[in-house]
Amino acid sequence: MGFLMDLVAGESREILLAIGLDDWAGLDDPGRFDAHVSLGGAMDPTWLDLFSEAVRDVTGRDEPIDFLDARRDLDGPGDIGDRTVERVDPDWISGIARVADRDIDAIAGRWIELVEEDLGALPREEKPWIRQFAAELIVFARKADLSPAVILAWSL
């Protein structure tokens, strides 16, 4: 498998309860949670740092900070089952949410360039998935921007 990551927006207590019960399908219920995106096992966690860098490069802004720097400890359990849970800084979410639609393609292209600089050439068939995922992250952030909490749940 690989590194599993999920970002979930909503009430912290409800998110932690769903994760604790392994109710992963329930995270997609818009009646319970503001937003959810599964980052799966196909991407390295440092890719979100590169995504943040791509946003900064394309927009010319100083935000968002690197994703690894945007993670915060939760008040309460840091682990639920085999998943570690952390709060995501609202400023990171807001920085992504403010991306203009006209910049999404440029950000996706820059993200691919940064990943290739880091890892080497990506297979051609991976690039459309990465472009689509860049848009999904921005949509997630827009839905999550006013949420009481955004939680990252991850495991190796």
Which heavy atom of [X] sits nearest a heavy atom of [Y], and at what distance?
| X | Y | result |
| --- | --- | --- |
| Ala144 | Val150 | CB-CG2, 3.8 Å |
| Ile65 | Arg56 | C-NH1, 3.6 Å |
| Phe51 | Ile138 | CZ-CG1, 4.1 Å |
| Val8 | Phe33 | CG1-CD2, 4.0 Å |
| Val55 | Val99 | CG1-CG2, 3.8 Å |
| Met5 | Leu48 | CE-CD1, 4.3 Å |

So, [X] and [Y], do they make that salt bridge, N to O below 4.0 Å?
| X | Y | result |
| --- | --- | --- |
| Arg71 | Asp89 | no |
| Arg131 | Glu136 | no |
| Asp34 | Lys143 | no |
| Glu11 | Arg13 | no |

Could you give me the CA-CA distance, side-chain angles and deciding distance for Phe67 and Thr46, then say whether side chain to side chain contact (heavy atoms under 4.5 Å, CB included) is met? CA-CA 8 Å; Phe67 184 75; Thr46 60; over 6 Å; no
Could you tell me whether the side chain of [Y] reaches within less than 4.5 Å of the side chain of [X], counting heavy atoms only?
| X | Y | result |
| --- | --- | --- |
| Asp49 | Glu53 | no |
| Leu7 | Trp154 | no |
| Gln132 | Pro128 | no |
| Arg142 | Arg98 | no |
| Phe140 | Ile96 | no |
| Val85 | Ile15 | no |

Which distance, rounded to the nearest 0.5 Å, do you find between the [atom1] of [X] and the [atom2] of [Y]?
| X | Y | atom1 | atom2 | answer |
| --- | --- | --- | --- | --- |
| Leu39 | Leu137 | CG | CG | 6.0 Å |
| Arg32 | Leu27 | CZ | CG | 7.0 Å |
| Leu16 | Leu21 | CG | CG | 11.0 Å |
| Leu50 | Trp111 | CG | CH2 | 8.5 Å |
| Leu152 | Leu68 | CG | CG | 9.5 Å |

Is there a path of hydrophobic side-chain contacts, each under 4.5 Å between heavy atoms, that joins Phe133 and Ile104? yes
Using distance alone, with no hydrogens and no angle criterion, decide if [X] and [Y] have a side-chain donor and acceptor under 3.5 Å apart.
| X | Y | result |
| --- | --- | --- |
| Arg87 | Ser12 | yes |
| Trp92 | Glu63 | no |
| Asp66 | Ser52 | no |

Pair Arg110, Asp105 - check salt bridge (charged side-chain N to carboxylate O under 4.0 Å, His left out), show working. CA-CA 9 Å; Arg110 181 65 181 136; Asp105 285 340; over 6 Å; no
Between the main-chain N or O of Asp73 and the side-chain N or O of Glu86, is there a donor-acceptor pair closer than 3.5 Å? no
Side-chain (Arg72) to main-chain (Asp69) donor-acceptor, under 3.5 angstrom: yes
CA sep, side-chain torsions, deciding dist, call: Ile130, Leu122, side chain to side chain contact (heavy atoms under 4.5 Å, CB included): CA-CA 10 Å; Ile130 295 169; Leu122 292 171; 3.5 Å; yes
Evaluate side chain to side chain contact (heavy atoms under 4.5 Å, CB included) for Trp47 paired with Asp118, printing each intermediate quantity in order. CA-CA 9 Å; Trp47 284 27; Asp118 193 48; 5.5 Å; no
